[in-house]
Amino acid sequence: MSTIAGNIAQVEARIRAAALAVQRDVTSIHLLAVSKTKPAAALREAYAAGVRDFGENYLQEARAKQVELADLPLCWHFIGPIQSNKTRDIAEHFAWVHSVDRLKIAQRLSDQRPADLPPLNICIQVNVSGEASKSGCNPADLPALAAAISGLPRLKLRGLMAIPEPTEDRAEQDAAFATVRTLQESLNMGLDTLSMGMSHDLESAIAQGATWVRIGTALFGARDYGQA
Ligand SMILES: *Cc1c(COP(=O)(O)O)cnc(C)c1O
């Protein structure tokens with residue numbers, strides 16, 4: 001078994017154990033393999049081990065890998081910060097965007113989503129860490145943003161995404177993810193998606209209702225930005 005295949009098996013075992021611990025159906029929890037800085041060959045290995053969904057943060061890097069891996073039926077998720085001049089490529093080449101935090105970007109993604117593709121799946125990124133985080137919509141602004149996005153014709157609002165400030169303290173992890181779930185429930189819009197949990201905190205995220213866990217390091221090893 002390759003290292004990546006072994007890592008995938010370990011992460012899947014963690015997901016199953018975390019689901020079992022809170023009596024959740026494991027099929028409601030999806031693995032998003034976060035492949036930023038990793039070469040196309042690593043994604044191909046993950047595909048061979050059964051992974052279909054990949055998350056990328058940098059558009060140019062993602063596009064290069066999409067071209068290299070065009071022979072595989074992969075589902076691409078954009079999870080990084082979005083500048084206005086990148087929305088057209090994102091609207092054309094991804095199935096999901098997890099990192100929408102303002103209406104202007106959502107409006108552009110809807111306008112630019114090609115008519116022959118299904119609506120683009122959207123998560124609104126919320127900031128549950130206050131001053132510690134630069135990205136994500138302020139919880140107070142969430143209801144208005146969610147209402148506006150749900151009215152855009154070429155987008156399908158699916159739920160919320162969050163990247164809480166990293167901590168190894170399980171109680172702090174639980175509190176942050178519970179806040180995200182409560183925000184989603186209080187929208188009362190029937191949203192089915194909570195994109196939360198990374199390599200170090202997926203157990204807590206699953207206990208609090210995550211439906212997508214976004215896992216990089218635990219699948220592909222540490223990232224070397226020096227060579228990226
Ligand atoms: C890099 C990244 C991840 C993966 O983080 P790991 O700690 O490597 O699992 C998840 N979500 C987002 C938005 C990221 O940028």
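Each ligand, and each atom within it, is numbered from 1 in the order the structure gives.
In this structure, the protein non-hydrogen atom closest to atom 10 (C) of ligand 1 is Met198 SD, 3.3 Å. For atom 2 (C) of ligand 1, the nearest protein heavy atom (residue, atom name, distance) is Lys36 NZ, 2.5 Å.
Residue Val34 touches ligand 1 through its side chain alone, judged by heavy-atom distances below 4.0 Å. Contacts of Thr217 with ligand 1, taken as heavy-atom pairs under 4.0 Å, involve both backbone and side chain. Proximity of His98 to ligand 1, defined as any heavy-atom pair under 4.0 Å, is not found for any part of the residue.
Interface of Arg214 with ligand 1, defined as ligand atoms under 4.0 Å from a residue heavy atom, comprises 4 (C), 9 (O), 10 (C), 11 (N), 12 (C), 13 (C). Atoms of ligand 1 found under 4.0 Å from any heavy atom of Ile79 (numbered from 1 in listed order, with element): 11 (N), 12 (C), 13 (C), 14 (C). Short contacts between ligand 1 and Asn57, defined as distances under 4.0 Å to a heavy atom of the residue, involve ligand atoms 14 (C), 15 (O). Proximity to Ile163 (heavy-atom distance under 4.0 Å) selects the following atoms of ligand 1: 13 (C). Per-residue contacts place Ile215 under 4.0 angstrom from the following atoms of ligand 1 (heavy atoms of the residue considered): 9 (O).
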- Kindly determine whether Arg63 and Leu59 satisfy side-chain contact (heavy atoms from CB on, under 4.5 Å), including the steps that lead there. CA-CA 6 Å; Arg63 289 290 301 128; Leu59 180 63; 4.0 Å; yes
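Ring geometry, Trp212 versus His98: the interplanar angle exceeds 60°, so the pair is classed perpendicular (tilted spans 30 to 60°).
Judged by the shortest distance from any of its heavy atoms, Arg223 lies inside the 4.0 Å radius around the atoms of ligand 1.
Using a 4.0 Å cut-off between charged nitrogen and carboxylate oxygen, Lys36 and Glu61 do not count as a salt-bridge pair.
Ser84 and Lys104 share a side-chain donor-acceptor pair at under 3.5 Å.
Geometrically, ligand 1 and His200 share no nitrogen or oxygen pair separated by less than 3.5 Å. Some N or O of Gly216 is nearer than 3.5 Å to an N or O of ligand 1, by distance alone.
Taking only non-hydrogen atoms, the option from Ala222, Ser199, Ser195, Gly221 nearest to atom 6 (P) of ligand 1 is Ser199.
Rounded to the nearest 0.5 Å, atoms CZ (Arg44) and CD (Glu68) are 8.0 Å apart.
Not counting sequence neighbours, Ala147 has no partner by the side-chain contact (heavy atoms from CB on, under 4.5 Å) test.
Judged as a side-chain hydrogen bond (donor to acceptor under 3.5 Å, both in side chains), the pairs with a partner in residues 114-125 (not counting sequence neighbours) are, in order, Asn121-Arg158.
Atom CZ of Arg88 has 12 or fewer heavy atoms from other residues, nucleotides or ligands within 6.0 Å.
Linking ILVMFWY residues whenever their side-chain heavy atoms come closer than 4.5 Å, directly or via other members, places Tyr47 and Val11 in the same cluster.
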